[in-house]
Amino acid sequence: MEVAEKKEFRNYDQSDVTAAVREHYRKMRMNQTYDYVQRMKAKYLTFDKPMSLWDAMGKLNALIDVSDPDLNLPNVQHLIQSAEALREDKRPDWMQLVGLIHDLGKVMYLWGSDEDGTSQDEQWGLVGDIFVVGAKLPDTCVYPEFNKLNADMNDPRYNTENGVYEPGCGIDNLQLAWGHDEYFFQVLKNHPTNTIPEAGMTMVRYHSFYPWHNEGSYSQFEAEKDQQYKEWVLDFNKYDLYTKSPKIYDLDEVKDYYLPIAEKYLGKGPIYW
(Lines give C-alpha, C1' and ligand atoms only; values in the text may rest on other atoms or scores of the structure.)
Protein backbone atom coordinates (compact mmCIF):
# COMPACT_ATOMS: atom_id res chain seq x y z
CA MET A 1 0.00 0.00 0.00
CA GLU A 2 1.35 3.39 -0.98
CA VAL A 3 0.68 5.82 1.85
CA ALA A 4 0.19 9.51 1.18
CA GLU A 5 1.72 12.07 3.52
CA LYS A 6 -0.04 11.89 6.88
CA LYS A 7 -0.30 15.66 6.99
CA GLU A 8 -2.72 15.43 4.07
CA PHE A 9 -5.29 13.68 6.28
CA ARG A 10 -7.40 14.74 9.27
CA ASN A 11 -6.66 18.40 8.55
CA TYR A 12 -9.53 20.12 10.32
CA ASP A 13 -8.31 23.62 9.43
CA GLN A 14 -8.98 23.48 5.69
CA SER A 15 -11.10 26.50 4.84
CA ASP A 16 -13.39 24.61 2.47
CA VAL A 17 -14.45 22.01 5.06
CA THR A 18 -14.09 23.87 8.34
CA ALA A 19 -17.61 25.27 8.61
CA ALA A 20 -19.52 22.03 7.96
CA VAL A 21 -17.14 19.82 9.94
CA ARG A 22 -16.93 22.23 12.87
CA GLU A 23 -20.71 22.45 13.03
CA HIS A 24 -20.96 18.67 13.00
CA TYR A 25 -18.58 18.37 15.96
CA ARG A 26 -20.26 21.23 17.83
CA LYS A 27 -23.57 19.37 17.69
CA MET A 28 -21.93 16.05 18.52
CA ARG A 29 -20.15 17.41 21.59
CA MET A 30 -23.25 19.27 22.75
CA ASN A 31 -25.73 16.41 22.35
CA GLN A 32 -23.76 13.23 23.06
CA THR A 33 -24.34 12.85 26.79
CA TYR A 34 -24.37 9.74 28.96
CA ASP A 35 -28.18 9.63 28.99
CA TYR A 36 -28.39 10.16 25.23
CA VAL A 37 -26.17 7.14 24.59
CA GLN A 38 -28.35 4.92 26.78
CA ARG A 39 -31.45 6.06 24.89
CA MET A 40 -29.87 5.35 21.52
CA LYS A 41 -28.82 1.85 22.55
CA ALA A 42 -32.34 1.08 23.70
CA LYS A 43 -33.83 2.52 20.53
CA TYR A 44 -31.51 1.13 17.84
CA LEU A 45 -30.17 -2.17 19.18
CA THR A 46 -33.36 -4.05 18.33
CA PHE A 47 -31.94 -6.38 15.64
CA ASP A 48 -35.28 -6.62 13.86
CA LYS A 49 -34.50 -5.26 10.37
CA PRO A 50 -33.24 -7.99 8.01
CA MET A 51 -30.98 -6.81 5.20
CA SER A 52 -28.21 -8.56 3.32
CA LEU A 53 -24.65 -7.37 3.65
CA TRP A 54 -24.48 -6.46 -0.01
CA ASP A 55 -27.72 -4.49 0.11
CA ALA A 56 -26.27 -2.56 3.04
CA MET A 57 -23.17 -1.79 0.99
CA GLY A 58 -25.39 -0.38 -1.75
CA LYS A 59 -27.20 1.86 0.73
CA LEU A 60 -23.93 3.65 1.50
CA ASN A 61 -23.85 4.84 -2.12
CA ALA A 62 -26.32 7.46 -0.90
CA LEU A 63 -24.36 8.65 2.16
CA ILE A 64 -21.46 11.10 2.34
CA ASP A 65 -19.84 11.33 5.78
CA VAL A 66 -20.14 14.99 6.77
CA SER A 67 -17.50 14.62 9.50
CA ASP A 68 -14.74 13.54 7.10
CA PRO A 69 -12.43 16.38 6.00
CA ASP A 70 -10.57 14.06 3.61
CA LEU A 71 -13.17 12.53 1.32
CA ASN A 72 -16.29 13.86 -0.35
CA LEU A 73 -17.45 10.64 -2.00
CA PRO A 74 -20.23 8.18 -1.17
CA ASN A 75 -19.10 6.18 1.85
CA VAL A 76 -19.08 2.90 -0.04
CA GLN A 77 -16.08 4.17 -2.03
CA HIS A 78 -14.07 4.58 1.17
CA LEU A 79 -14.93 1.01 2.17
CA ILE A 80 -13.78 -0.43 -1.15
CA GLN A 81 -10.61 1.68 -1.08
CA SER A 82 -9.76 0.33 2.38
CA ALA A 83 -10.46 -3.28 1.39
CA GLU A 84 -8.49 -3.05 -1.84
CA ALA A 85 -5.44 -1.69 -0.02
CA LEU A 86 -5.62 -4.59 2.43
CA ARG A 87 -6.00 -6.99 -0.47
CA GLU A 88 -3.00 -5.47 -2.24
CA ASP A 89 -0.90 -5.95 0.89
CA LYS A 90 -2.08 -9.56 1.12
CA ARG A 91 -3.50 -9.11 4.60
CA PRO A 92 -5.73 -11.96 5.91
CA ASP A 93 -9.09 -12.37 4.19
CA TRP A 94 -11.00 -11.58 7.40
CA MET A 95 -9.14 -8.24 7.64
CA GLN A 96 -9.96 -7.45 4.03
CA LEU A 97 -13.60 -8.09 4.92
CA VAL A 98 -13.36 -5.77 7.92
CA GLY A 99 -11.97 -3.09 5.61
CA LEU A 100 -14.95 -3.57 3.33
CA ILE A 101 -17.63 -3.47 6.03
CA HIS A 102 -16.23 -1.49 8.97
CA ASP A 103 -18.48 1.53 8.33
CA LEU A 104 -21.68 -0.39 7.55
CA GLY A 105 -23.23 0.78 10.80
CA LYS A 106 -23.89 4.02 8.95
CA VAL A 107 -26.93 2.33 7.37
CA MET A 108 -28.59 3.40 10.62
CA TYR A 109 -29.49 6.53 8.64
CA LEU A 110 -32.17 4.46 6.87
CA TRP A 111 -34.25 4.36 10.07
CA GLY A 112 -32.61 7.26 11.86
CA SER A 113 -33.95 10.73 12.58
CA ASP A 114 -32.78 14.34 12.60
CA GLU A 115 -33.64 14.53 16.30
CA ASP A 116 -31.28 11.67 17.14
CA GLY A 117 -28.52 12.93 14.82
CA THR A 118 -28.78 9.67 12.87
CA SER A 119 -30.10 10.92 9.50
CA GLN A 120 -28.52 12.02 6.23
CA ASP A 121 -28.99 15.66 7.21
CA GLU A 122 -28.04 15.38 10.88
CA GLN A 123 -25.15 12.94 11.36
CA TRP A 124 -23.82 13.88 14.80
CA GLY A 125 -25.13 10.58 16.26
CA LEU A 126 -23.86 8.56 13.30
CA VAL A 127 -20.31 9.56 12.33
CA GLY A 128 -17.25 11.33 13.71
CA ASP A 129 -14.50 10.68 16.25
CA ILE A 130 -15.97 9.16 19.38
CA PHE A 131 -15.17 9.78 23.04
CA VAL A 132 -16.14 8.40 26.45
CA VAL A 133 -19.42 9.61 27.93
CA GLY A 134 -19.68 9.59 31.70
CA ALA A 135 -16.20 11.02 32.29
CA LYS A 136 -14.37 14.31 31.71
CA LEU A 137 -13.88 15.13 28.04
CA PRO A 138 -10.17 15.40 27.16
CA ASP A 139 -8.54 18.18 25.16
CA THR A 140 -7.53 15.56 22.59
CA CYS A 141 -11.05 15.59 21.13
CA VAL A 142 -11.39 17.30 17.76
CA TYR A 143 -12.30 20.95 18.44
CA PRO A 144 -11.87 20.70 22.24
CA GLU A 145 -13.36 24.17 22.62
CA PHE A 146 -16.77 22.49 22.23
CA ASN A 147 -16.28 20.26 25.29
CA LYS A 148 -17.82 22.89 27.55
CA LEU A 149 -21.09 22.68 25.61
CA ASN A 150 -21.72 19.15 26.90
CA ALA A 151 -24.17 19.23 29.80
CA ASP A 152 -22.41 16.30 31.49
CA MET A 153 -19.39 18.53 32.07
CA ASN A 154 -21.53 20.43 34.61
CA ASP A 155 -22.63 17.24 36.35
CA PRO A 156 -20.37 16.03 39.20
CA ARG A 157 -21.23 12.42 38.37
CA TYR A 158 -19.64 12.74 34.95
CA ASN A 159 -17.11 15.59 34.91
CA THR A 160 -14.17 14.02 36.75
CA GLU A 161 -11.25 12.14 35.20
CA ASN A 162 -12.77 8.77 36.09
CA GLY A 163 -16.43 9.77 36.10
CA VAL A 164 -18.68 6.75 36.61
CA TYR A 165 -15.87 4.25 35.92
CA GLU A 166 -13.19 2.49 37.92
CA PRO A 167 -9.53 2.84 36.93
CA GLY A 168 -8.37 -0.24 35.04
CA CYS A 169 -11.92 -1.30 34.19
CA GLY A 170 -11.00 -1.96 30.56
CA ILE A 171 -11.94 -0.17 27.36
CA ASP A 172 -14.76 -2.66 26.70
CA ASN A 173 -16.53 -1.45 29.85
CA LEU A 174 -16.65 2.22 28.85
CA GLN A 175 -19.71 3.90 27.38
CA LEU A 176 -18.68 5.61 24.16
CA ALA A 177 -20.40 8.29 22.12
CA TRP A 178 -23.10 6.72 19.97
CA GLY A 179 -22.33 6.13 16.32
CA HIS A 180 -21.82 3.61 13.56
CA ASP A 181 -18.92 1.82 15.31
CA GLU A 182 -20.76 0.58 18.36
CA TYR A 183 -23.94 0.03 16.39
CA PHE A 184 -22.32 -2.28 13.84
CA PHE A 185 -20.23 -4.04 16.48
CA GLN A 186 -23.40 -4.94 18.35
CA VAL A 187 -25.16 -6.00 15.13
CA LEU A 188 -22.26 -8.35 14.32
CA LYS A 189 -22.08 -9.60 17.90
CA ASN A 190 -25.78 -10.48 17.68
CA HIS A 191 -25.34 -12.24 14.31
CA PRO A 192 -25.32 -15.99 15.08
CA THR A 193 -23.07 -17.06 12.18
CA ASN A 194 -20.44 -14.34 12.69
CA THR A 195 -16.93 -15.82 12.98
CA ILE A 196 -14.87 -12.66 12.40
CA PRO A 197 -11.85 -12.95 14.75
CA GLU A 198 -11.60 -10.86 17.90
CA ALA A 199 -9.06 -8.58 16.25
CA GLY A 200 -11.51 -7.77 13.47
CA MET A 201 -14.36 -7.10 15.89
CA THR A 202 -12.06 -4.78 17.86
CA MET A 203 -11.23 -2.88 14.66
CA VAL A 204 -14.93 -2.44 13.93
CA ARG A 205 -15.73 -1.22 17.43
CA TYR A 206 -12.89 1.22 18.05
CA HIS A 207 -11.67 2.54 14.70
CA SER A 208 -13.20 5.99 15.37
CA PHE A 209 -11.97 6.20 18.98
CA TYR A 210 -9.11 8.56 18.08
CA PRO A 211 -8.67 10.24 21.48
CA TRP A 212 -7.71 6.81 22.83
CA HIS A 213 -5.84 4.98 20.08
CA ASN A 214 -4.24 7.98 18.41
CA GLU A 215 -3.90 10.60 21.17
CA GLY A 216 -3.25 8.55 24.32
CA SER A 217 -6.25 9.66 26.36
CA TYR A 218 -8.19 7.41 28.75
CA SER A 219 -5.11 5.36 29.69
CA GLN A 220 -6.38 5.26 33.29
CA PHE A 221 -9.11 2.88 32.17
CA GLU A 222 -6.93 0.45 30.23
CA ALA A 223 -6.76 -3.20 31.23
CA GLU A 224 -3.91 -5.51 30.25
CA LYS A 225 -5.59 -6.68 27.04
CA ASP A 226 -6.18 -3.14 25.81
CA GLN A 227 -2.60 -2.74 24.60
CA GLN A 228 -3.28 -5.57 22.15
CA TYR A 229 -6.55 -3.86 21.20
CA LYS A 230 -4.65 -0.66 20.43
CA GLU A 231 -2.10 -2.47 18.28
CA TRP A 232 -4.89 -4.09 16.26
CA VAL A 233 -6.74 -0.81 15.76
CA LEU A 234 -3.62 1.16 14.81
CA ASP A 235 -2.71 -1.53 12.30
CA PHE A 236 -6.16 -1.25 10.75
CA ASN A 237 -6.12 2.55 10.97
CA LYS A 238 -3.45 2.74 8.25
CA TYR A 239 -5.95 1.30 5.80
CA ASP A 240 -8.96 3.16 7.16
CA LEU A 241 -7.37 6.60 6.98
CA TYR A 242 -4.48 6.70 4.55
CA THR A 243 -6.13 4.97 1.58
CA LYS A 244 -8.64 7.73 0.87
CA SER A 245 -8.42 8.97 -2.71
CA PRO A 246 -10.61 10.24 -5.57
CA LYS A 247 -10.51 6.81 -7.23
CA ILE A 248 -13.98 5.43 -7.97
CA TYR A 249 -14.82 1.70 -7.85
CA ASP A 250 -17.84 -0.16 -9.17
CA LEU A 251 -19.41 -2.11 -6.30
CA ASP A 252 -20.59 -4.88 -8.61
CA GLU A 253 -17.10 -5.37 -10.04
CA VAL A 254 -15.60 -6.23 -6.63
CA LYS A 255 -18.53 -8.40 -5.54
CA ASP A 256 -17.18 -11.64 -7.04
CA TYR A 257 -14.06 -11.37 -4.92
CA TYR A 258 -15.48 -10.15 -1.60
CA LEU A 259 -18.86 -11.88 -1.38
CA PRO A 260 -17.35 -15.38 -0.84
CA ILE A 261 -15.20 -13.95 1.96
CA ALA A 262 -18.24 -12.33 3.53
CA GLU A 263 -20.16 -15.61 3.35
CA LYS A 264 -17.19 -17.46 4.86
CA TYR A 265 -17.26 -15.32 8.02
CA LEU A 266 -20.90 -14.21 8.18
CA GLY A 267 -22.89 -16.91 6.41
CA LYS A 268 -25.35 -16.48 3.54
CA GLY A 269 -28.44 -15.32 5.40
CA PRO A 270 -29.50 -11.74 6.10
CA ILE A 271 -28.07 -9.67 8.93
CA TYR A 272 -30.55 -8.27 11.43
CA TRP A 273 -29.94 -4.61 12.02
Please identify each residue that fulfils side chain to side chain donor-acceptor pair (under 3.5 Å) with [X], with sequence neighbours left out.
{"X": "D93", "answer": "K264, Y265"}
{"X": "D116", "answer": "K43, Y44, S113"}
{"X": "T46", "answer": "D48, K49"}
{"X": "H102", "answer": "H78, D240"}

Name all residues meeting the ring-ring contact (aromatic ring centres under 6.0 Å, His included) criterion together with Y158; count only those two or more places apart in sequence or in a different chain, and write none if there are none.
->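 Expected list: Y34.
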Give me the one residue out of V132, D152, N159, N150 that meets side chain to side chain contact (heavy atoms under 4.5 Å, CB included) with L137.
->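 The passing option is N150.
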Q96 side chain near Y258 side chain, heavy-atom distance below 4.5 Å |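 Touching, per the 4.5 Å side-chain cut-off.
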Taking the side chain as every heavy atom from C-beta outward, state whether F131 and Y218 have any atom pair closer than 4.5 Å.
->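 Touching, per the 4.5 Å side-chain cut-off.
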Is a donor on one side and an acceptor on the other found under 3.5 Å between the side chain of [X] and the backbone of [Y]?
{"X": "W273", "Y": "I271", "answer": "yes"}
{"X": "K148", "Y": "E145", "answer": "yes"}
{"X": "Q32", "Y": "W124", "answer": "yes"}
{"X": "R87", "Y": "S82", "answer": "no"}

Kindly say whether the aromatic ring centers of W212 and F221 come within a distance under 6.0 Å.
->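 Not close enough - the centres of the two rings lie 6.0 Å or further apart.
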Does the ring center of F185 lie less than 6.0 Å from the ring center of Y206?
->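 For F185 and Y206, the ring centres are not under 6.0 Å apart.
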Do other residues, nucleotides or ligands put more than 12 heavy atoms under 6.0 Å from the CG atom of D139?
->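 For D139, atom CG is not crowded (no more than 12 foreign heavy atoms under 6.0 Å).
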Residues 50-63, side-chain donor-acceptor partners within the protein, below 3.5 Å, at least two apart:
from : atom 1 : to  : atom 2 : distance (Å)
S52  : OG     : D55 : N      : 3.0
S52  : OG     : D55 : OD2    : 3.3

With side chain to side chain donor-acceptor pair (under 3.5 Å) as the test, would you mind laying out the steps for E198 and W232 before giving the verdict?
-> CA-CA 10 Å; E198 181 185 15; W232 286 334; over 6 Å; no
Aromatic rings H207 and F236: how do their planes relate, parallel, tilted or perpendicular, breaks at 30° and 60°?
->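 Rings of H207 and F236: perpendicular, as their planes differ by over 60°.
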